[in-house]
Amino acid sequence: NAGVTQTPKFRILKIGQSMTLQCAQDMNHNYMYWYRQDPGMGLKLIYYSVGAGITDKGEVPNGYNVSRSTTEDFPLRLELAAPSQTSVYFCASSYSQGPTYFGPGTRLTVT
Amino acid sequence: KQEVTQIPAALSVPEGENLVLNCSFTDSAIYNLQWFRQDPGKGLTSLLLIQSSQREQTSGRLNASLDKSSGRSTLYIAASQPGDSATYLCAVVDTDKLIFGTGTRLQVFP
């Protein structure tokens, strides 16, 4: 199993540009999450999904959108990039309330 | 609103010491609690998961306890080694969401 994979690993965006962070898992997990981690800070939940076709907002959803059309994939969309979105983004998945597995992260810089 | 706090924020100890990391949460209605390790510039690795009905879990030199009624969990690391140096995060599953503390940055020096 590849586990949780994220692409790209690094990205630099200009203010106002858009991009999609990709996340996929091959463990047939129903729960998937997107977090952001700012330097020296904990993880903040952006969006989460409890199954295909179901998504919900976390603590910091503004400026982001998600979709979950399949069990495996959970992409995160940034529509109009702002400097405040400079962060490391982690995708994670779990089966109900089982152990949570994280991807390696995407380091995003908005200038 | 569930809030998760970890103390201390940072800890520096000599190799061989036994140490305790603390995690507290404000709402005891949790499904489980997980401890993670994060190395600099890396993702998170799950260390231990304690279901709400359990009191503790052990894995090698790690032992995690859970006291739901008091909203506390501790991670005990026995005979610490330099390779244990990392940030340790606890997280509670609150309905469908995993809520994180801010972590304890541990340095074990030879």
Original post:
In terms of hydrophobic clustering (I, L, V, M, F, W, Y; side-chain heavy atoms under 4.5 Å; direct or indirect links), are A:I46 and A:L78 co-clustered?
Top reply: yes
Original post:
B:L106 and B:L44: same hydrophobic cluster, using ILVMFWY side-chain contacts below 4.5 Å?
Top reply: no
Original post:
In this structure, are over 12 heavy atoms from other groups packed under 6.0 Å from B:I7 atom CD1?
Top reply: no
**OP:** Mind checking the NZ-NZ spacing from A:K57 to B:K97? Nearest 0.5 Å is all I need.
**Re:** 12.5 Å
Original post:
More than 12 heavy atoms of other residues, nucleotides or ligands under 6.0 Å from CD1 of A:I54: is that the case?
Top reply: yes
Subject >> Closest non-hydrogen atom pair, B:K42 against A:F90 >> reply: O-CZ, 3.6 Å
Original post:
Between B:Q51 and chain A, which part of the residue has a heavy atom less than 4.5 Å away: side chain, backbone, both or neither?
Top reply: side chain
Original post:
With a cut-off of 6.0 Å (strictly less than), are more than 12 heavy atoms of other residues, nucleotides or ligands near CZ of B:R55?
Top reply: no
Subject >> Linked, directly or transitively: B:W35 and B:V92 (ILVMFWY side chains, under 4.5 Å) >> reply: yes
Original post:
Taking a hydrophobic cluster as the set of Ile, Leu, Val, Met, Phe, Trp and Tyr residues connected by side-chain heavy atoms closer than 4.5 Å, whether directly or through intermediates, do A:V60 and B:F100 fall within one such cluster?
Top reply: no
Original post:
What residues of residues 81-89 of chain A sit under 4.5 Å from chain B when only non-hydrogen atoms are counted?
Top reply: none
Original post:
In terms of hydrophobic clusters joined by side-chain contacts under 4.5 Å, are B:F36 and B:L49 together?
Top reply: no
Original post:
Can you say whether A:L45 sits under 4.5 Å from chain B via the side chain, the backbone, both, or neither, judging by heavy atoms?
Top reply: side chain
Original post:
What residues of residues 68-88 of chain B sit under 4.5 Å from chain A when only non-hydrogen atoms are counted?
Top reply: none
**OP:** Could you list which of residues 26-38 of chain A have a heavy atom closer than 4.5 Å to any heavy atom of chain B, in residue-number order?
**Re:** A:Y31, A:Y33, A:Y35, A:Q37
**OP:** Give me the contact list for residues 99-111 of chain A versus chain B, heavy atoms only, anything under 4.5 Å, ordered by residue number.
**Re:** A:P99, A:T100, A:F102, A:G103, A:P104, A:R107
